[in-house]
Structure formats: structure tokens, C-alpha cells
Number of protein chains: 2
Amino acid sequence: MRADAQRNYDKIVVAAAEVFTQRGMDAPLDEIATRAGVGPGTLYRHFATREDLIDAIVKSWMAQIDAAATEAVESEAPTREVLQKWFATYVARISRNRGGPSKFATAMGNPASPIYSKCEVLRLANDRVLNRLRDAGALRSDVNALEVCRLIGGVAVVADQAELADSDIASMLGVIVDGLLQN
Amino acid sequence: MRADAQRNYDKIVVAAAEVFTQRGMDAPLDEIATRAGVGPGTLYRHFATREDLIDAIVKSWMAQIDAAATEAVESEAPTREVLQKWFATYVARISRNRGGPSKFATAMGNPASPIYSKCEVLRLANDRVLNRLRDAGALRSDVNALEVCRLIGGVAVVADQAELADSDIASMLGVIVDGLLQN
DNA sequence: CAGTATACGGAGAGTTTCTCCGTTTAGCAA
DNA sequence: TTGCTAAACGGAGAAACTCTCCGTATACTG
């Protein structure tokens with residue numbers, strides 16, 4: 001990539017992160033272009049769709065998700081608490097920008113989506129945590145990581161759209177946690 | 001209301017139901033106006049916002065929800081099955097049009113929304129079913145109808161956006177059902 | 001049947017998305 | 001250094017959608 005192209009790419013990603021944080025993931029792309037100091041044409045050449053741009057932004061979130069999953073796997077705390085905390089972190093991470101959870105929910109069902117690869121990261125992180133519980137015989141047997149991603153993703157979407165407080169999210173997650181644990 | 005105004009109102013509602021079914025609840029309002037054979041100005045005078053129009057459409061769904069709730073309350077079947085069936089019906093009803101579940105999820109947290117009154121109907125229907133279970137001592141105590149609306153609404157949003165099959169929806173609902181039932 | 005309040009509808013302004021294409025520039029080779 | 005060329009730029013503008021204004025038309029009333 002030419003040096004000027006790389007510079008513009010970086011400027012766009014920085015601007016997009018700012019604008020998405022302030023105005024949500026449905027913010028006008030032209031505003032991002034303006035903030036980055038490039039023309040709309042340049043933005044659209046680097047990122048053909050909104051999803052391509054989101055993909056670039058979201059990349060950095062995944063390391064944090066993985067770290068949280070690792071912490072959950074290695075935790076000595078009681079199963080129920082581990083799961084509750086992991087889900088709360090999961091929701092918080094994918095809800096960083098308004099409209100974000102909805103983007104993940106859509107991409108989760110669509111392998112053609114540019115951010116589908118990020119959904120795979122989410123699924124695998126969940127899988128690691130669930131396996132830890134499965135090994136301990138704590139998990140119901142008829143559930144897989146994808147379904148859990150959807151369930152927790154559903155909570156995140158609703159929480160995002162209705163602007164729920166953390167305590168409301170926690171109590172919804174509590175129901176799912178109990179539903180997942182073998183009794 | 002003047003007779004011609006009433007005629008146009010009705011034509012718009014009919015056209016909106018058709019267009020929403022075919023193209024989802026984010027379909028262009030101008031297309032609805034065209035289909036109804038009225039100008040955009042007329043549509044916007046009758047329905048100041050998209051939500052006002054959705055409100056008119058959704059009104060007829062609520063009777064069906066109530067009927068399903070009554071059936072659930074009066075059912076002799078095992079608790080678990082009653083709840084599972086009720087939730088499946090609930091999801092199906094609010095998912096009649098693409099984008100519908102998301103509209104409900106947003107309105108559920110916003111008393112200023114024109115369709116908030118419909119969310120209340122949903123909540124009360126859920127409350128009736130939950131009370132039946134509570135009386136039987138089958139329900140966990142720290143949950144209310146609003147939270148259940150959100151949980152099931154989350155499943156509906158994800159299912160709608162990812163175009164999930166009924167069997168996928170059923171297994172997600174199964175986790176929530178188990179989480180809600182007293183063990 | 002005339003007068004008036006009400007409703008109609010379409011032109012058009014404002015927004016956002018996305019593209020086309022003439023202009024500019026980075027990187028390279030002589 | 002200079003000149004060439006492929007790559008990148010950016011803005012004008014088309015297209016899609018939302019929403020309003022206001023001159024025109026029409027339903028009701030007396």
C-alpha cells in the first residue's frame with residue numbers, strides 16, 4: 001500500500017472510532033470522512049461498506065474478550081459466579097458503541113459478513129469457558145457455544161436498545177446462567 | 001373525522017400492513033403512501049412518525065397474544081411445556097414482520113413511544129402466565145414480567161436478524177425456561 | 001347552494017449513501 | 001534530479017428516503 005493510502009486508512013479508523021463512540025454505529029459515514037480530513041470517495045475506496053469499517057474498529061476489542069475468557073477459564077471461583085461475570089464482560093465488550101450488539105447479532109447468522117470472523121472469535125471464547133464448565137460436569141449437555149452467543153447477544157441487543165442499567169442486565173444474565181447450569 | 005379522511009386512513013393502514021410484510025418494518029413510508037394511492041403529505045398527517053403507523057398495525061396482533069396467554073393459563077399440561085409453548089407463540093407473534101422484534105425492544109424501554117402501550121399488553125400477558133406458575137410454586141422468585149419480556153424479546157430480535165429456524169429458537173427458549181423454573 | 005373548515009397531494013428541502021471521473025501525487029527508473 | 005506511470009485523492013452529484021409547506025380541492029353545515 002502506498003504511504004499516503006496507509007496514512008489515510010489510519011486517519012479514517014481513528015476518526016471512525018471517535019464518531020462511532022459519540023454517535024453510535026449508525027453514524028453517517030460522510031461525517032467520519034470529514035473528521036478524518038478525507039473525501040467520501042477515499043473512505044469508500046478503503047471501506048466499501050459500513051461493515052468493513054466496523055470490522056477494522058472491532059478488531060482491537062477481541063483481544064480483551066480473549067483475555068476475559070482466559071480469566072474465566074482459570075478462575076477458582078464457583079461455577080455460577082464465573083459464568084455470570086464472564087457473560088457480563090461479554091455483554092459490556094460488544095456493547096461498547098450504541099448499535100454494536102445489533103451488528104454482531106446480524107453478522108452471527110451471516111458468514112458473508114466482513115465481521116463474521118469476529119463472531120467466530122466470540123464463539124470460540126465462549127466455547128473455552130463452556131468447556132471448562134462441561135469438564136466439571138456443571139453444564140447442561142444440549143447446548144453449544146453458538147447458542148450461548150445468541151442468547152447473550154440477545155440480552156446485549158435489548159440492553160443496548162432500551163438503555164438498561166447494569167443491574168438489569170445482571171438479572172437477565174442470572175436467568176440464563178441458571179438455565180445453562182446442570183441442576 | 002371527515003369521511004374522506006377516514007377512507008384514506010384505512011387505505012394507508014391496509015397498504016402499510018402489506019408493505020411491512022413484504023419489505024420489513026423499515027420499508028420506505030413513501031412507498032406505503034404510493035401503494036395506498038395518497039400523497040406523502042397525507043400519510044404524514046395521519047401518522048406523524050413511523051412508530052405511529054406501526055402502532056396502528058400492531059393493534060390487531062395483541063388480541064392473538066392475549067388469547068395465547070389465556071390458553072397457557074388454563075392449560076393442564078406440565079409447567080415446562082406450557083411455558084415453552086407460550087414463549088414460542090410470543091416470539092412468533094412479535095416477529096410477524098422483519099424488524100418487528102427490534103421495534104418492540106426499543107419501545108419496551110421508552111414510555112414515550114407510541115407503541116409503548118402495546119408493550120404493556122405484552123407485559124401483562126406475560127404476567128398472567130407467570131402468575132399461574134408462581135401460584136404453583138414453580139417460578140423463581142426474583143423475576144418479573146418485564147424482565148421476561150426483555151429476555152424473550154432478545155431471543156426474538158436475534159432470531160429475526162439472523163433468520164433462525166424455529167428449532168433454534170426453541171432450544172434458546174428452553175434454556176430460559178429452565179432458568180425461570182424453580183428447581 | 002354557498003361558505004368554511006378540513007383534508008389533500010405534490011413539489012421540494014434536508015439527509016445520507018455511494019459513485020464517477022478529472023486531478024494530484026508517490027514511488028521508481030533513467 | 002527529472003520525468004513517467006500507476007495509484008490514490010476528493011468533490012460534485014445522482015439516488016433513496018424523510019418530512020414539510022402551502023395552494024388546491026372537497027366534505028359538511030346552515
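Per chain, numbering begins at 1; letters A, B, ... match sequence-line order. Quick note: numbers below take in every heavy atom, side chains included, and nothing from hydrogens, waters or symmetry partners. Not measured: the values here are computed from a predicted model.
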K.L.:
Using OP1 and OP2 only, check whether a side-chain N or O of B/Arg45 sits under 4.0 Å from C/dC8.
P.N.:
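For C/dC8, OP1 or OP2 has a side-chain N or O of B/Arg45 closer than 4.0 Å.
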K.L.:
Would you jot down, in residue-number order, the residues of residues 3-24 of chain A having a non-hydrogen atom under 4.0 Å from DNA chain D?
P.N.:
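Here the set is A/Asp4, A/Ala5, A/Asn8.
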K.L.:
Does B/Val91 belong to the same Ile/Leu/Val/Met/Phe/Trp/Tyr cluster as A/Val175, with side-chain heavy atoms less than 4.5 Å apart forming each link?
P.N.:
yes
K.L.:
Round to the nearest Å and state the distance from A/Ile32 atom CD1 to C/dT17 atom C1'.
P.N.:
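Taking CD1 of A/Ile32 and C1' of C/dT17, I get 12 Å after rounding.
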K.L.:
Can you hop from A/Leu180 to B/Val155 via hydrophobic side chains spaced under 4.5 Å?
P.N.:
yes
K.L.:
Between C/dC18, C/dT25, C/dC8, which nucleotide gets closest to the side-chain atoms of A/Arg2?
P.N.:
C/dT25
K.L.:
What is the distance, rounded to the nearest whole Å, between atom NE2 of B/His46 and atom C1' of C/dT6?
P.N.:
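Atom NE2 in B/His46 sits about 11 Å away from atom C1' in C/dT6.
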K.L.:
Whether B/Glu74 and B/Arg132 form a salt bridge (side-chain N of Lys/Arg under 4.0 Å from carboxylate O of Asp/Glu) is what I want to check.
P.N.:
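Salt bridge: no.
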K.L.:
Before giving the answer on salt bridge (charged side-chain N to carboxylate O under 4.0 Å, His left out), spell out for A/Lys103 and A/Glu51 the whole-Å C-alpha distance, their side-chain angles and the decisive distance to 0.1 Å.
P.N.:
CA-CA 8 Å; A/Lys103 300 291 178 201; A/Glu51 282 221 320; over 6 Å; no
K.L.:
When you list every nucleotide of DNA chain D with an atom under 4.0 Å from a heavy atom of chain B, which one comes first 5' to 3', and which comes last?
P.N.:
D/dC17 to D/dC28
K.L.:
Just checking, any donor-acceptor pair under 3.5 angstrom between side chains of A/Arg98 and A/Gln22?
P.N.:
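Per modelled atom types, A/Arg98 and A/Gln22 side chains form no pair under 3.5 Å.
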K.L.:
Let me know, please, whether B/Pro40 or A/Thr42 comes out on the 5' side of the other along DNA chain D by nearest nucleotide.
P.N.:
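Here A/Thr42 is the residue nearer the 5' end.
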K.L.:
A/Asp26 CG to C/dT16 P: how many Å, rounded?
P.N.:
12 Å
K.L.:
Quick one: A/Tyr44 OH to C/dC21 C1', roughly how many Å, whole number?
P.N.:
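It is 18 Å, rounded to the nearest whole Å.
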K.L.:
In whole angstrom, what separates B/Asp30's CG from C/dG12's C1'?
P.N.:
12 Å
K.L.:
Any donor-acceptor pair under 3.5 Å linking the side-chain atoms of A/Arg128 with those of A/Thr70?
P.N.:
yes
K.L.:
Should B/Arg50 and B/Asp52 be marked as a salt bridge (charged side-chain N to carboxylate O under 4.0 Å, His left out) after you check the CA-CA gap, both sets of side-chain angles, and the distance that decides it?
P.N.:
CA-CA 5 Å; B/Arg50 178 183 296 275; B/Asp52 287 317; over 6 Å; no
K.L.:
Could you walk me through whether A/Gln64 and A/Arg96 pass the side chain to side chain donor-acceptor pair (under 3.5 Å) check?
P.N.:
CA-CA 12 Å; A/Gln64 300 173 343; A/Arg96 187 170 300 191; 2.5 Å; yes
